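These numbers come from a predicted model, not from an experiment. Chain identifiers are assigned alphabetically (A, B, ...) following the order of the sequence lines, protein sequences preceding nucleic acid strands; residue numbering begins at 1 within each chain. The analysis underlying the following values was restricted to heavy atoms, covering all of them including side chains, and did not include hydrogens, waters or symmetry mates.
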2 protein chains.
Amino acid sequence: MTQDAFSKTLITTASDQVFVDMRREIVEGSIEQGSKISEPELAKRYGVSRATLREALNRLESCYLIERKANVGCRVVALTAERLIEVYQVRSALEGLACRLAADNMAADEVQSLKQLLNQHLQTQRVKEGESYYQEAGDLDFHYRIIKASKNEHLIHLLSNGLYQLIRMYRVQMGMVGPRVSKAFDEHLAIINAIENHDGELAELLMKRHISASQSNIQAKFDLIAAQKKAAQ
Amino acid sequence: MTQDAFSKTLITTASDQVFVDMRREIVEGSIEQGSKISEPELAKRYGVSRATLREALNRLESCYLIERKANVGCRVVALTAERLIEVYQVRSALEGLACRLAADNMAADEVQSLKQLLNQHLQTQRVKEGESYYQEAGDLDFHYRIIKASKNEHLIHLLSNGLYQLIRMYRVQMGMVGPRVSKAFDEHLAIINAIENHDGELAELLMKRHISASQSNIQAKFDLIAAQKKAAQ
DNA sequence: TAACCATGAATTGTCGACAATCTTAAAGAA
DNA sequence: TTCTTTAAGATTGTCGACAATTCATGGTTA
């Protein structure tokens, strides 16, 4: 029995392992977005039976990474601009709530610990200027900590087990680049300050704006791709 | 191939049927909340193999009606006061969002159709005074229509396939009674008016209050039960 | 040529049996 | 007695095979 790094899921069964492995491959793009999934093929690849694989597929479906149709099969989710809007609308509402609850509930030592995390980010950010992946993980960790601090188990599950992998997928494959990195850091700082002052209303507002900015950043990437396609014609 | 009445799910496979049947039994309390689930027993009862049953269990898990532990088994979710708070916090955020989007998007004829639905509710409410189930279904249908009108597919799925059965479970088993029925009607009316005026901000606020009132109503039932228990000691 | 229908191949859904794990209860030691 | 250990029983996890459905290919007909 081991533990997964990102979602802190306990890995006990074979299907757990396949689930975590496939999730990583889908999020990182090793298994291409929008591609069809063949059960016999993947079962052979992961060295498990179809029953075990299907168990994993079920769980991938419930975190929105694949889509199933009866008697037809599975597809990896496609990262479209439309879905980006939909998902981020939901994310904004839920993480906004989480942030407000965190501001209400968070103890002083928890806030200090979070501040310390942010300082770590500042260090590594200066070192790894431009490189996005570590910031990626760190940023998600920041959001993850706030979600946890909401102390609402249902919300925590909905976000960290449900929505977060899809968001990571957008961010890993559509990348966060350029000056956005340091701006995001400042926004994180402002959010922490609001939480420290137990100003739930402000914390919620700032988090929603922060998420909205992140959405615009990815949206710009979509626009860029669309423009390139048009130019190529 | 047939269709389910509540979530409009297409029923094509045997596991679909088991899923819908079990869902109804759990929501209505035929399968007791908090009770342990035996796979061999239920498989025999529904006349399917364990593989088919487990497929259904997976889907019940993703709509929060049962909880699984590896190598241990399933339990039906327990309706606690703590969970009520958590779920309704999430519900408030998501349906608030849905209501705002509906106010932004909804066309005039859609609004008219919704008003008509509300008039129907008024009729049946007068006839079936006190009886809560029909109002229950009607009320959920009202919320369902607004969720649909948000036109956000991800949000629609999250609410109608994910959260709504659990909310129904609370409402069916913890009941909505007394003067709450007619108050709820007035609140629905106010929400529709806000939507008709495309006042998203107000619509969201009113929906959140409406949901909060509904929560208090159920909470009161919990308090009542707790008081009765204390008196019995 | 285009539309429709059959036939076969491939894929998904379902089943019963076996292996691995947990639970329970009895037996033994401190 | 109380705690630990162990063995039996029951439950869940996993497997390979069969049945049902869908998809692709080629042939037939208007």
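For the pair A:Arg59 and A:Ser15, the tightest heavy-atom approach, listed with the atom from each and the gap, is NH1-OG, 3.8 Å. Minimum heavy-atom separation, A:Leu79 to A:Gln33: N-OE1, 2.7 Å.
Under a 3.5 Å cut-off, the side chain of B:Glu39 and the backbone N or O of B:Gly73 do not form any donor-acceptor pair. Under the 3.5 Å distance criterion, the side-chain polar atoms of B:Arg68 are left unmatched by any main-chain donor or acceptor of B:Cys74. B:Gln173 contributes a side-chain N or O that, together with a main-chain N or O of B:Ile26, makes up a donor-acceptor pair within less than 3.5 Å. A:Tyr170 places a side-chain N or O within donor-acceptor distance of the main-chain N or O of A:Leu84, the cut-off being under 3.5 Å.
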Salt bridge (Lys or Arg N to Asp or Glu O under 4.0 Å) between A:Arg54 and B:Glu55: does it pass, once the steps are laid out? CA-CA 9 Å; A:Arg54 280 165 66 86; B:Glu55 178 86 21; 3.7 Å; yes
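Separating the CD1 atom in B:Ile31 from the CZ atom in B:Arg24 is a distance of 9.5 Å, to the nearest 0.5 Å.
Side-chain atoms of B:Thr13 and B:Asp16 include a donor-acceptor pair closer than 3.5 Å.
Contact footprint of chain A on DNA chain C: nucleotides with an atom under 4.0 Å from a non-hydrogen protein atom, first to last in 5' to 3' order, C:dT12 to C:dT14.
Shown for residues 67-74 of chain B: residues whose heavy atoms fall under 4.0 angstrom of DNA chain D, namely B:Arg68, B:Ala70, B:Asn71, B:Val72, B:Gly73. Within residues 45-64 of chain B, the residues approached by DNA chain D to less than 4.0 Å at the level of any non-hydrogen atom are B:Arg50, B:Arg54, in residue-number order.
Each of A:Leu97, A:Ile191, A:Ile195 was compared with A:Met207 under the side chain to side chain contact (heavy atoms under 4.5 Å, CB included) criterion, and only A:Ile191 meets it.
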